[in-house]
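A short worksheet on the structure shown next.
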Amino acid sequence: MSSSIVAAASPEMIARYEPVIGLEVHVQLATHTKIFCGCPTSFGAPPNTNVCPVCLAHPGALPVLNREAVEMAVRASLALHCTVNPMSRFARKNYFYPDLPKGYQISQYDQPVSEHGWIEIEVHGQEKRRIGITRVHMEDDAGKSVHDGFRDSERYTYVDLNRSGTPLIEIVTEPDMRGSDEAYAFLTAIKQVLQYIEVSTCDMEKGHLRCDANVSVRLKGAEKLGTKAEVKNLNSFRFLKLALDYEIGRQVALIESGGRVLQETRLYNPDLGETISMRSKEHAHDYRYFPEPDLVPLRISDAWMAEITGDMVELPVHRRDRFIRDWGLRDYDAQVLTSTRELSDFFERTARASNDPKAAANWVMGDLLGALKADGKEITESPVTPEDLGELVSLIGKGELSGKLGKDIFAKMLGGQGSARAIMERDGLKQISDSGALETMVDEVIAANPKQVEQYRAGKTTVINFLVGQVMKASRGQANTATVNEILKQKLG
Ligand SMILES: [Zn+2]
C-alpha cells in the first residue's frame, strides 16, 4: 500500500470515521537479575557475557522465578488499578526465532498476574478519560539479532543473548482510544507512572518500553467495530503517532474506494513513514500455548500482597490531588510538579522547609527549573538543595529578605556560595524592617527632595514611588518596601 492511497483520504473523509485503537505495551522491569536465572540485566555488557545455562536454554536447565520481578509486576498492576490474581500461571508460547534459543517464550496466557484495570489520560484541552486495561502478564524477553556493526554484516546476522530472559510485563488495553493523540497520552501516562513507582526506566531508546497497536476505523455513530490491523514496531512516541495517523488514513482510503481492510499484521517503516503488510491472518502464528511444566503456579498470598501494597509509594495522581487539596496549588502547577518522582520529591521537601508551599511552587517551577534548563541540568543535579531553597522562601516570607534581595541571593546559591542565611549574614543583606532605622532614612530623603515632596502634597501622589526608590537606594535595597511606604505616607500626609 503506497502513501498515495493515504493521500487519497482527505481530512473531510477521515473526519467521518472514528478510529478505534488498543495498545499492547511491553515494559522491561528494572530488576537486578533476569526473570528465571541469576544473570544480571545490566545494559551494554559485551555480547553473550550475561548468560548461563538457563537463559541459553541448555538441556535440563530449570527456571526459578525471580521474586523481585513478581513484586514489580504487582506494583505495576496496582498502579494501573488492576485486580491481582491470587494465582496465575506461566505458559509456553511456542515459536521459532534465531534469538530465542528455547524455541518458546515463557509467558502467561489464560491466567495472567492481573486484570481489569484502568488509567486516566488527558489530551490537551479535553476532559480526562479512563482507558481500560484488559490484563497485565509477565514474560521473559528474547535475545537480540544484531544485523550490523560487523565487517561481514552483509552476509551474517549475529546473536546476542544478554537480553534473553530479561523480565517483561505486557500491558494490554481495551480498544478504548479514539485517535493517535489518545494513544500518545496513554503511553505518556504509562511511562510516567511506571517510572514513578520505579518498576521500569521506560527508556524507549534502550527498548525498555515497546508498543504495538490494534487499529480499526468505523463510520462515526456505527456500533460495529471495523476489521483491525495490528501495527508493530512503534518504538518511539513520535513513531507511534505517525504510524497510527498513517494507518487510520490508509484504512479510511481503502474503505472509501470500495475496498476492505484485511486482518493482518503490519510493520511501521519509519524511513518510508508507512505501515507495510507483514503477514495476513491466514499466516498468523499458532503459538500452541500450554502450561509451563517447569514452573509451579504463581501464588500471591494475602500476606505478600499486604507487604507489596505497604511498600507502594504515593501515586503521582494522588500526590497531585494532595498538593491541590492541602496546599492550594493550581491544577496546572500540581501537574508540572508531579510530572516525575524526582521533581515532586524535590518540591515536597522545599515546600515543607519553606512553610509556604505556594511560594515554594513558584520558586521551583520558575527560578529553579529555569536556571537548571539554561544549564542543561536535571532536577537531580540541582546545586541548591530543597532545604536551602525552602529556607530562602521562608526568609522572604518572614520579611527578613526582600523579593529583590532573594533573587540576588538565589543566584549566589546557584553559584555554590552556601545557604541563603549564610550569604545574607556574610554580605550584610538582611532586610531592614526596624522602623527607627527606616525613619532616619526617610527623613533624609524628604529633606533632600523638597520639590517631589511639594508635588506629593499638591496631590500628585504617584511621586511617592520615586521617594520609596530613593530610600531603597540609600539602604542598598535592604529596606522593607512596605514599611517605607507606610512611614513616608505618615510623614507626608
Ligand atoms: Zn542466565
Side-chain angles (χ1 to χ4, degrees), residues 25-77 88-109 111-113 136-147 149-150 156-171 194 198-210 235 285 287-300 304 308:
V25 183
H26 285 92
V27 179
Q28 182 178 322
L29 300 177
T31 54
H32 295 89
T33 54
K34 294 183 181 179
I35 185 167
F36 299 122
C37 63
C39 293
T41 50
S42 48
F43 187 83
N48 300 308
T49 54
N50 291 344
V51 289
C52 74
V54 172
C55 52
L56 290 174
H58 288 183
L62 290 172
V64 177
L65 181 58
N66 179 342
R67 189 180 174 91
E68 192 187 18
V70 176
E71 290 176 350
M72 286 188 177
V74 171
R75 258 153 63 195
S77 301
S88 60
R89 204 187 282 276
F90 286 93
R92 286 192 186 178
K93 180 182 182 181
N94 299 282
Y95 61 99
F96 171 78
Y97 216 76
D99 56 21
L100 186 70
K102 294 197 296 295
Y104 58 87
Q105 208 180 351
I106 302 180
S107 184
Q108 293 186 309
Y109 186 52
Q111 290 168 282
V113 68
V136 175
H137 64 251
M138 301 179 70
E139 59 188 23
D140 63 357
D141 206 350
K144 243 186 223 169
S145 296
V146 186
H147 301 286
F150 293 95
Y156 294 110
T157 290
Y158 286 73
V159 172
D160 177 5
L161 294 172
N162 281 350
R163 201 179 67 179
S164 169
T166 299
L168 302 176
I169 49 171
E170 181 173 337
I171 301 166
L194 296 185
E198 293 176 334
V199 151
S200 175
T201 62
C202 293
D203 187 337
M204 281 191 119
E205 275 177 29
K206 291 182 182 165
H208 294 182
L209 183 66
R210 292 170 248 158
N235 295 334
H285 280 301
Y287 294 114
R288 297 197 171 255
Y289 282 98
F290 63 85
E292 167 59 58
D294 289 341
L295 288 163
V296 294
L298 168 59
R299 289 178 199 278
I300 303 173
W304 194 12
I308 301 170

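Quick caveat, the model's predicted, so the values are computed rather than measured. Just follow the structure's listing: the first ligand is 1, and inside any ligand the first atom is 1.
Ring planes of Phe43 and His208: perpendicular class, angle over 60° (limits at 30 and 60°).
A 4.5 Å side-chain heavy-atom check between Pro40 and His32 finds every atom pair outside the cut-off.
Protein N/O/S atoms found under 2.8 Å from the Zn ion (ligand 1), listed by chain and residue number: Cys37 SG, Cys39 SG, Cys52 SG, Cys55 SG.
Geometrically, Arg92 does not engage Phe290 in a cation-pi contact defined by less than 6.0 Å to the ring centre and at most 45° from the axis. In this structure, Lys93 fails the cation-pi test against Tyr289, since its NZ or CZ atom is not both closer than 6.0 Å to the six-membered ring centre and inside 45 degrees of the ring normal.
Screening Glu170, Gln111, Gln108 against His137 for a side chain to side chain donor-acceptor pair (under 3.5 Å) leaves a single residue, Glu170.
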Is there a side chain to side chain contact (heavy atoms under 4.5 Å, CB included) between Ser164 and Asp141 once you walk through the steps? CA-CA 5 Å; Ser164 169; Asp141 206 350; over 6 Å; no
